[in-house]
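Before any comments, here is the structure.
Values reported hereafter were calculated over all heavy atoms of this structure, with side chains retained and with hydrogens, waters and symmetry mates removed.
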Protein chains: 2
Amino acid sequence: MLKQPPSNEEYLPHLAFDSVIFGFNGTQLKILVLEYHNTGLFALPGGFVRRYEDVDAAAKRGLWERTGLDNIYLEQFYTFGNFSRSRPDIMRTILEANGFEIPEDYWILDRFISIAYYALINYDEVVPKPDELSDNINWYPIDNLPKLMMDHQLIVEKALLILRENLDKKLVGMNLLPPKFTMQVLQKVYEAILGEKLRRTTFQRKMLTLDLLVRHEKLFSGGAHKAPYLYSFKHELTEQLSQEAVLSN
Amino acid sequence: MLKQPPSNEEYLPHLAFDSVIFGFNGTQLKILVLEYHNTGLFALPGGFVRRYEDVDAAAKRGLWERTGLDNIYLEQFYTFGNFSRSRPDIMRTILEANGFEIPEDYWILDRFISIAYYALINYDEVVPKPDELSDNINWYPIDNLPKLMMDHQLIVEKALLILRENLDKKLVGMNLLPPKFTMQVLQKVYEAILGEKLRRTTFQRKMLTLDLLVRHEKLFSGGAHKAPYLYSFKHELTEQLSQEAVLSN
DNA sequence: AAACTATTGTCTCACTTTGTTACATTAATA
DNA sequence: TATTAATGTAACAAAGTGAGACAATAGTTT
């Protein structure tokens with residue numbers, strides 16, 4: 001028996017959101033990618049906007065549904081609105097592979113404009129959950145993604161560009177790292193995002209003179225070498241930014 | 001007899017665009033603002049997206065309709081999607097003041113998400129034209145705008161923030177100035193955008209070492225002082241950017 | 001226990017960029 | 001011809017960045 005797909009009573013037609021969810025595993029910058037049932041199709045996590053729901057709230061809800069996390073750094077970065085980006089043929093494949101009965105003129109097969117967000121999360125805190133249409137959701141390093149459907153590759157590339165631009169302005173590191181971290185790990189985040197090596201001494205000097213960090217006790221990691229200090233971002237900053245993050249506008 | 005308003009056959013529901021159109025008159029940074037007939041309401045120029053039209057193309061078309069200009073620097077900068085931003089009461093006032101017969105459940109009174117663009121144009125080249133709903137369209141200096149309806153003030157503020165961020169990256173000056181200009185005028189554009197005075201010698205040195213400008217003949221303005229050189233942006237740059245501008249994605 | 005290794009924190013020096021002031025140049029005017 | 005006001009450029013100080021050196025040190029090896 002065929003299942004009933006979502007009705008368009010609940011959602012705004014023609015409007016979707018997609019999220020590029022970044023995480024950092026200590027070495028690589030990764031994003032979450034869904035794989036749809038029985039199709040070999042890979043996609044960004046996304047969803048639709050409810051009729052009475054703020055678009056930001058929809059994106060936040062989508063993030064919560066995939067990660068269980070609330071209060072995440074989330075930023076809208078672009079809206080993809082080309083006519084040709086919509087692919088009813090692909091959407092039909094996905095729905096059919098999931099055993100849905102597809103009504104005549106079904107709304108999900110229409111043209112969609114997608115509002116894209118990127119999120120920064122602490123990799124270790126999350127056990128991602130697939131959505132109803134997907135087999136699984138997994139972390140993929142940004143330089144080794146599967147082939148993504150539709151224009152999702154483009155969305156990721158744009159997200160990465162914007163993330164790089166915001167790297168200094170927005171204290172990106174704060175959201176990708178645990179509360180305490182070594183200078184080396186912080187540097188690795190920067191390197192992973194920028195895709196280039198940085199000079200250790202210059203980086204350290206820069207970070208310290210910016211006066212954003214608090215130094216804590218040393219971390220005795222067990223390595224045969226001098227133990228590094230742990231740092232955290234100053235408390236005022238974490239307050240300020242987590243506000244700005246999800247609420248703005 | 002009441003006029004027929006636009007039907008939603010032609011346009012995507014719930015979706016609009018608004019444009020912050022910047023111009024520079026030699027002293028002040030200004031934007032174009034519409035005033036609706038018989039309402040005292042001021043708004044940004046905007047419009048709807050046709051069912052088979054790229055969103056960027058819609059914004060470009062809207063700009064052409066208001067300015068007669070094609071090939072303008074136009075950049076999408078944010079999408080405003082809060083539920084509370086839509087104001088059917090205000091839309092009804094505007095339509096009624098224009099003598100439209102408003103159908104039951106009329107689509108324009110629904111919720112709208114607006115994709116916002118900013119444009120940079122050469123002030124001198126333009127004679128703006130009001131739309132069907134408006135008495136007039138005028139330039140207003142950004143620090144002395146009329147009270148704008150709905151969230152349009154917020155849209156302008158965000159546009160200005162983004163414009164400031166892009167000031168160095170995107171060669172903004174090129175699009176606001178005539179092909180040849182003096183260093184003083186270029187500096188005034190920067191000052192108008194940033195809202196602060198800059199140091200003449202530092203600015204001049206910076207601009208010259210960036211190696212973006214070509215120096216031309218002197219401009220004998222009639223002032224009782226040394227005549228300044230005229231400059232233009234290097235040809236390669238103007239090519240490159242005007243492409244990037246309207247097409248990207 | 002001493003030597004060794006790898007990483008860390010800091011310093012130095014050269015070089016670049018920016019802030020600030022100074023000054024000679026020059027087109028129009030008195 | 002002297003005066004005026006903006007312009008182009010140089011000079012020097014202050015701040016920031018790139019590159020390398022080096023001592024300190026936690027664990028490992030001998």
Side-chain angles (χ1 to χ4, degrees), chain A residues 24-27 164-165 167-169 171-173 177-234, chain B residues 24-28 164-165 167-169 171-173 177-178 180-234:
Chain A
F24 181 70
N25 73 345
T27 313
R164 281 178 189 151
E165 284 176 8
L167 187 51
D168 285 321
K169 297 197 277 257
L171 278 65
V172 165
L177 293 174
K180 291 185 181 178
F181 46 85
T182 63
M183 193 59 79
Q184 195 194 44
V185 172
L186 183 60
Q187 184 177 341
K188 292 219 164 142
V189 173
Y190 273 68
E191 291 177 339
I193 292 174
L194 294 172
E196 64 185 57
K197 285 277 172 198
L198 299 176
R199 198 153 262 280
R200 183 181 64 90
T201 54
T202 310
F203 180 80
Q204 177 141 346
R205 179 177 53 191
K206 183 74 174 286
M207 284 299 132
L208 292 177
T209 58
L210 283 178
D211 198 34
L212 303 172
L213 301 178
V214 185
R215 178 181 281 183
H216 300 278
E217 72 282 11
K218 290 194 171 189
L219 170 69
F220 295 86
S221 57
H225 52 75
K226 191 173 178 180
Y229 288 104
L230 286 171
Y231 296 89
S232 64
F233 286 96
K234 284 192 170 174
Chain B
F24 181 71
N25 73 346
T27 313
Q28 289 175 300
R164 281 180 188 148
E165 284 177 8
L167 187 50
D168 285 322
K169 299 197 275 258
L171 277 64
V172 164
L177 292 174
K180 291 185 181 178
F181 47 84
T182 63
M183 194 61 80
Q184 196 195 41
V185 172
L186 183 59
Q187 184 177 341
K188 293 220 164 138
V189 174
Y190 273 70
E191 291 177 339
I193 292 174
L194 294 173
E196 64 185 58
K197 286 278 172 197
L198 299 176
R199 203 154 257 281
R200 183 181 62 92
T201 53
T202 310
F203 180 80
Q204 177 140 345
R205 179 178 54 193
K206 183 75 174 286
M207 284 299 132
L208 293 177
T209 57
L210 283 179
D211 199 34
L212 304 171
L213 300 177
V214 186
R215 178 181 281 182
H216 300 280
E217 73 283 9
K218 290 193 170 186
L219 171 70
F220 295 85
S221 56
H225 52 75
K226 191 174 179 178
Y229 288 104
L230 287 171
Y231 297 88
S232 63
F233 286 95
K234 285 193 169 174

Next item on the list: Let me have a per-nucleotide readout for nucleotides 19-27 of chain D, 5' to 3', with B, S or -, counting only protein heavy atoms under 4.0 Å.
Entry: BBB--BBBB
Notebook entry, point to check: Where does the chain B footprint on DNA chain C start and end, counting 5' to 3' with a 4.0 Å heavy-atom cut-off?
Noted result: C:dT18 to C:dA28
Check: Is there a side-chain contact between B:K180 and B:L219 (heavy atoms, below 4.5 Å)?
Finding: no
Check: Hey, does B:V214 have a side-chain heavy atom less than 4.5 Å from the side chain of B:K234?
Finding: yes
Only distances under 3.5 Å count here; give the side-chain donor-acceptor pairs of residues 200-210 of chain A to other protein atoms, sequence neighbours excluded, each with its distance to 0.1 Å.
{"from": "A:T209", "atom 1": "OG1", "to": "A:R205", "atom 2": "O", "distance (Å)": "3.1"}
{"from": "A:T209", "atom 1": "OG1", "to": "A:K206", "atom 2": "O", "distance (Å)": "3.0"}

Next item on the list: List in chain and number order the residues that pass ring pair (Phe, Tyr, Trp, His ring centres under 6.0 Å) with A:Y231, two or more places apart in sequence or in another chain; answer none if no residue qualifies.
Entry: none
Checklist line | Distance (rounded to the nearest 0.5 Å) between A:K226 NZ and A:Y229 OH | finding: 7.0 Å
Check: Listed by chain and number, what are the ring pair (Phe, Tyr, Trp, His ring centres under 6.0 Å) partners of A:F181, not counting sequence neighbours?
Finding: A:F233
Notebook entry, point to check: At what distance, to the nearest 0.5 angstrom, does CG of A:L213 lie from NE2 of A:H216?
Noted result: 9.0 Å
Checklist line | Contact check, side chains of A:K169 and B:E165, non-hydrogen atoms, under 4.5 Å | finding: yes
Note to self: Expected output is a numbered-order residue list: members of residues 180-190 of chain B with a heavy atom under 4.0 Å from any atom of DNA chain D. What is it?
What the structure shows: B:Q184
Item checked: 4.5 Å side-chain heavy-atom contact, A:T27 and A:K188 -> no
Next item on the list: Between A:L230 and B:T209, name the one whose nearest nucleotide on DNA chain C is closer to the 5' end.
Entry: A:L230
Check: How long is the line joining CE of A:M207 and P of D:dT17, in whole Å?
Finding: 11 Å
Item checked: Approximate separation, where rounding is to 0.5 Å, of A:L171 CG and A:L177 CG -> 11.0 Å
